Amino acid sequence: MLTAYWTGKSIFDIEPATLARRGIQLLLADLDNTLVPYGVPEPTEQVRAWTRSLADHGVTLFVLSNNRHPGRPERFSNALGVPFIGHAGKPKPTSFFLAMERMGCTPAQTAIVGDQIFTDILGGSRAGVTTLLVEPIRLAGNPGRYLRYAAEWPFRALTKRRAKPL
Ligand SMILES: [Mg+2]
């Protein structure tokens, strides 16, 4: 499916208490342009605080990144103190299942948040987890990102029209 269950402006629109109330214990998160912009090596204080708040509500953040630079997801996730899979191959569902197995969670207890329809949302949908779509933090700097965003536009619009509150 190319539409998400929920959509918001950024990860900070996702209330940890609301996720916990829905029975979510594992929040898989795309890294680039979802948690921080491309090229930002470490989590911001706001991301750290949000991750702590998730943990306080019993929700583990787990970085699921397609980034091919081996050090990038590792450095970021270690700084944040959360587990991760790099070069994850989204939208193939394999890395989603691996993450759930590692954390002992079922699809019903798992959500994915990401900024891209054709990787994060499609992969999450194939894995049977709750899909949360956010806007990319920053498109500037790479023309390919604008093209991709344009291709996603109809599915974003449809998601906005159909999305349910979390
Ligand atoms: Mg991304």
Side-chain angles (χ1 to χ4, degrees), residues 1-14 16 19 24 26-51 54 59-100 103 110-160 163 166:
M1 210 154 92
L2 291 170
T3 55
Y5 179 85
W6 172 93
T7 186
K9 174 102 181 56
S10 85
I11 55 167
F12 305 114
D13 291 333
I14 300 168
L19 278 189
I24 301 296
L26 177 61
L27 179 58
L28 308 173
D30 171 55
L31 173 52
D32 292 306
N33 254 352
T34 295
L35 294 177
V36 291
Y38 281 90
V40 173
E42 298 215 347
T44 60
E45 191 42 55
Q46 201 185 4
V47 169
R48 290 174 196 268
W50 180 71
T51 303
L54 284 168
V59 182
T60 302
L61 189 77
F62 191 120
V63 173
L64 205 62
S65 173
N66 274 6
N67 198 301
R68 289 157 192 265
H69 297 282
R72 157 82 166 143
E74 183 176 6
R75 176 173 172 189
F76 182 92
S77 307
N78 287 346
L80 195 55
V82 301
F84 73 97
I85 294 175
H87 204 161
K90 296 172 286 183
K92 284 198 285 267
T94 321
S95 62
F96 290 78
F97 291 128
L98 206 64
M100 287 190 271
M103 304 310 293
T110 304
I112 171 85
V113 59
D115 71 298
Q116 282 186 52
I117 296 270
F118 299 115
T119 53
D120 308 312
I121 300 309
L122 181 57
S125 174
R126 285 176 174 165
V129 309
T130 300
T131 49
L132 313 174
L133 176 68
V134 292
E135 291 291 323
I137 299 173
R138 194 163 70 199
L139 289 173
N142 181 336
R145 281 177 216 151
Y146 285 100
L147 289 175
R148 213 162 50 203
Y149 190 78
E152 291 175 344
W153 184 83
F155 304 104
R156 283 185 186 275
L158 205 57
T159 291
K160 275 179 196 147
L166 249 185

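Numbering of ligands and ligand atoms starts at 1, following listing order. Since this is a predicted model, take the numbers as computed values, not measurements. All residue numbers refer to positions in the sequence shown, counting from 1.
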Report task. Could you tell me whether the side chain of T7 and the main chain of K160 form a donor-acceptor pair under 3.5 Å? Result -> no

Requested in this report: May I have the step-by-step check of side-chain contact (heavy atoms from CB on, under 4.5 Å) for I11 and T34, ending in yes or no?
Outcome: CA-CA 7 Å; I11 55 167; T34 295; 3.9 Å; yes

Report task. May I ask you to decide if I14's main-chain N or O and W6's side chain share a donor-acceptor pair within less than 3.5 Å? Result -> no

**Report entry** L26 backbone acceptor or donor facing T60 side chain under 3.5 Å
**Finding:** no

**Report entry** Polar protein atoms (N, O or S) that approach the Mg ion (ligand 1) to under 2.8 Å
**Finding:** D30 OD2, D32 O, D115 OD1

Query raised in the report: Would you say D115's side chain and V134's backbone share a donor-acceptor pair under 3.5 angstrom?
Result: no

Query raised in the report: Between the main-chain N or O of A4 and the side-chain N or O of T159, is there a donor-acceptor pair closer than 3.5 Å?
Result: yes

